[in-house]
Amino acid sequence: MERVFIGDLRQHIGAKVKIKGWLQTLRDQKKMQFLIVRDHTGLVQVAFEKQTDTAMAEKISGLGAESAVVITGLVVDNPIVKLGGLELQLHTLEVESNAAAPLPLDPFAETLPSLDYRLDWRFLDLRRPQAQAIFRVQTTAVMAMREYWLQNGFIEMHSPKLMGSASESGAEVFAVDYFERKAYLAQSPQFYKQMAMAAGFERVFEIGPAFRADPSFTSRHMTEFTSVDMEMSWIDSHEDVMAFQERWLQYVYQRVKDKHDAEIREHFGFDLLVPAVPFPRIPMAEAREIVEKMGYRIPPEKKGDIDPEGERLIGKYVKEKYGHDFVFLTDWSINVRPFYHMRHPENNNITRSFDLIASGLEITTGAQREHRYDVLVKQAQEKGLSLDSIQFYLDFFRYGCPSHGGLGLGLSRLMMVMLNLSNVREAVYLFRGPTRLTP
RNA sequence: GGGGGCGUGGUGUAGUGGUUUAACAUGCGGCCCUGUCAAGGCCGAGAUCGCGGGUUCGAAUCCCGUCGCUCCCGCCA
């Protein structure tokens, strides 16, 4: 007998069917037993009259909550049943895997344990439909990203995560034993994306892990995260990258809304808003003025930069003034940008770069890259980098490399913003932080 | 790395110097009732109040240290 999804049972009234799922609740009475069974499409009540088969009744009584079961039975219409007005009259029960009692974490308790405890028992935590909805939405979002890229001539790449030397910053990389020497985990596919530009790929994207050895204890940082990266050639400025990103994100939001509108409303309690293009753009210098005018004093050490509180305020300002959740902060000072960001020809102190702030949270950094070898070398030296260690990278620009730019986006941060989650640890399948390496 | 907050049965909380043999909810076990449906009722097991030291006649409660968690800053996606 073919398995029928619980959500489709209405179409099988009067038929004998097989369902597979988890025993969410067992109401074990004197004469009757009611099993509430869940699969990823919904819940159904299974009824069993104990006197018809006392051995079966005992078997049912022994089931722990959240046991994995396969049940066959007759689907009957029954308006008295509050759960969908139908039920399954049990014929056979196969216990695929009994669940020990008590559960360390009850996914369906009215109060949720602390996040840290939930992460200890993540596989049980993830049985909550709301948690699963996050990853259904993410699947659609990633699919939409790929669709849009493919429609626009992008090539997918997979760059190595083991590197022979720490890339530009050095301080925040993980070192791992690599036979007789050290290797380093990539904090970004940045250099390899640019290599693809030098290789003539013109447009590339990569969705892959990135590693940061910063001991960051915040609701938005992870030591390992999924980075969404893209790079495109023959651009005129960072404006081309922003123009691409906003349409790309609009497409992603539209696809998610088309597919998950009801689900998001049910589990997260709001209507997903597809952002209008163009997104507002505010140069950093202007953003600082706006925030100061709002009465916030940016810490003095933040020259040419803005702090997270400032970003939240800018997010608020843009929401009020333009009714928009997204804002590009552009033209950052060279002091706070890496050497490979291209500088404005008319003002050499600012870069052709941007961050995308979504609901006050930084989710993207992007820029036009410097592709002129001599300028790049000069900028690297200015930042005090040893040319030897990046020579392989510098070589990309010696034999014909087009102008290019791109961006990196934190996938879980996007999910956080899209679904209004307060902590990345909710938005990622398994969290990795300075003190968490399990499960 | 710096700062704030928290740490009480499995889980979530109350109690913030003495009437606490540490309470409540939920979960777990048992019994009763019932075509149940956020089920209901009764009984029971389960916490030396993170750990160590100190103050005090007396500490879950105050102090110090330590560990863990958490949030913010730094760093960033």
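Proteins come first, then strands; the chains are lettered A, B, ... in the order of their sequence lines, and each starts at number 1.
- Of the candidates B:rC75, B:rG35, B:rU70, B:rC75 carries the atom nearest the A:D214 side chain, counting heavy atoms from C-beta on.
- The nearest whole Å value for the distance from the CZ atom in A:F217 to the P atom in B:rG3 is 14 Å.
- For a distance-only test at 3.5 Å, the side chain of A:R413 qualifies as a donor-acceptor partner of the base of B:rC76.
- Side chain A:S216 to base B:rC75: a donor-acceptor pair is found below 3.5 Å.
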Convert the base pairs of RNA chain B into dot-bracket notation, remembering that pairs crossing earlier ones are written with [ ] and that bases paired across to another strand are shown as |; include only Watson-Crick or G-U pairs under 3.5 Å.
-> ((((((((.[[[[.)..(....]]]].(((((.......))))).....[[[[[..)....]]]]])))))))....

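- Side-chain contact annotation: A:R38 with A:Q24, donor-acceptor N/O pair under 3.5 Å present.
- Nucleic acid contact for A:Q24: none, since no nucleic acid atom lies under 4.0 Å from a heavy atom of the residue.
- Distances shorter than 4.0 Å separate none of the side-chain N or O atoms of A:T111 from OP1 or OP2 on B:rU13.
- If you run side-chain hydrogen bond (donor to acceptor under 3.5 Å, both in side chains) between A:Q187 and each of A:K161, A:E172, A:R212, only A:E172 comes through.
- Rounded to whole Å, the C1' atom of B:rG74 lies 36 Å from the corresponding atom of B:rA60.
- Set against B:rC75, B:rG1, B:rC28, the side chain of A:H221 has B:rC75 as its closest nucleotide.
- The P atoms of B:rG68 and B:rC32 are separated by 49 Å, rounded to the nearest whole Å.
- Between A:Q45 and A:L112, the residue whose closest nucleotide on RNA chain B is further toward the 5' end is A:L112.
- Distances were taken from every side-chain heavy atom of A:P113 (C-beta onward) to each of B:rU11, B:rG35, B:rC28; the shortest belongs to B:rU11.
- Nucleic acid contact class of A:R425 (heavy atoms, under 4.0 Å, all strands): sugar-phosphate only.
- Taking the side chain as every heavy atom from C-beta outward, A:L105 and A:P113 approach each other to under 4.5 Å.
- Comparing B:rU21 with B:rU61, their P atoms sit 15 Å apart, to the nearest whole Å.
- Listed nucleotides B:rG1, B:rA77, B:rC37 differ in distance to A:T365; the shortest reach to its side chain belongs to B:rA77.
- Between A:R220 and B:rC71, a side-chain N or O to OP1/OP2 separation shorter than 4.0 Å is absent.
- Separation of atoms CG (A:D355) and CD (A:E362) is listed at 4.0 Å; rounding is to 0.5 Å.
- The side chain of A:F34 approaches B:rU36 more closely than any other nucleotide in the set B:rA77, B:rC72, B:rU36.
- Once rounded to the nearest 0.5 Å, the distance linking CG of A:L385 with OH of A:Y393 reads 10.5 Å.
- Side chains of A:H404 and A:Q194: a donor-acceptor N/O pair is present below 3.5 angstrom, by distance only.
- With hydrogens and angles left out, the side-chain atoms of A:Q254 and A:Q250 include no donor and acceptor closer than 3.5 Å.
- Looking at heavy-atom distances under 4.0 Å, A:S412 makes no contact with the nucleic acid at all.
- At B:rG12, one or more side-chain N or O atoms of A:S114 fall inside 4.0 Å of OP1 or OP2 (strictly under the cut-off).
- Between the side chain of A:E87 and the base of B:rG35, at least one donor-acceptor pair of N or O atoms lies under 3.5 Å.
- Within the cation-pi definition used here (under 6.0 Å to the ring centroid, within 45° of the axis), A:R27 does not qualify as a partner of A:F34.
- Checked by distance alone, A:R212 brings a side-chain donor or acceptor within 3.5 Å of a matching partner on the base of B:rA77.
- Among the protein residues, A:P299 comes within range of no part of the nucleic acid, since none of its heavy atoms lies under 4.0 Å from any strand.
- Using a 4.0 Å heavy-atom cutoff across all strands shown, A:I80 reaches at least one base atom of the nucleic acid.
- In this structure, A:R436 reaches neither bases nor backbone, as no heavy-atom distance under 4.0 Å exists between it and the strands shown.
- When distances run from any side-chain atom of A:P308 to the nucleotides B:rC69, B:rA77, B:rG74, the shortest one goes to B:rG74.
- When the nucleotides B:rC72, B:rU70, B:rU36 are ranked by their closest atom to the side chain of A:Q29, B:rU36 comes out on top.
- Across all strands, A:D307 comes closer than 4.0 Å only to sugar-phosphate atoms, never to a base (heavy-atom distances).
- Rounded to an integer number of Å, the gap from A:L88 CG to B:rU36 C1' is 16 Å.
- Rounded to whole Å, the separation between the P atoms of B:rU16 and B:rC75 comes to 43 Å.
- Dashed line: the shortest gap from a side-chain N or O of A:R27 to OP1 or OP2 of B:rC37 is not under 4.0 Å.
- A distance of about 12 Å separates the P atoms of B:rG54 and B:rG58, rounded to the whole Å.
- Residue ring and nucleobase are stacked for A:F225 and B:rA77, with a centre distance beneath 5.5 angstrom and an angle between planes beneath 30°.
- Candidate nucleotides B:rC28, B:rC73, B:rU70 were compared by shortest atom distance to the side chain of A:P102, and B:rC28 ranks first.
- Interface remark: the A:Q33 side chain does not form any donor-acceptor pair with the B:rU36 base, using a distance-only criterion of under 3.5 Å.
- At the heavy-atom level, A:T435 lies under 4.0 Å from the strands shown only through sugar-phosphate atoms.
- There is a side-chain donor-acceptor pair under 3.5 Å between A:S353 and A:R337.
- No donor-acceptor contact under 3.5 angstrom links the side chains of A:D214 and A:H221, judged on distance only.
- Between A:N423 and B:rC71, a side-chain N or O to OP1/OP2 separation shorter than 4.0 Å is present.
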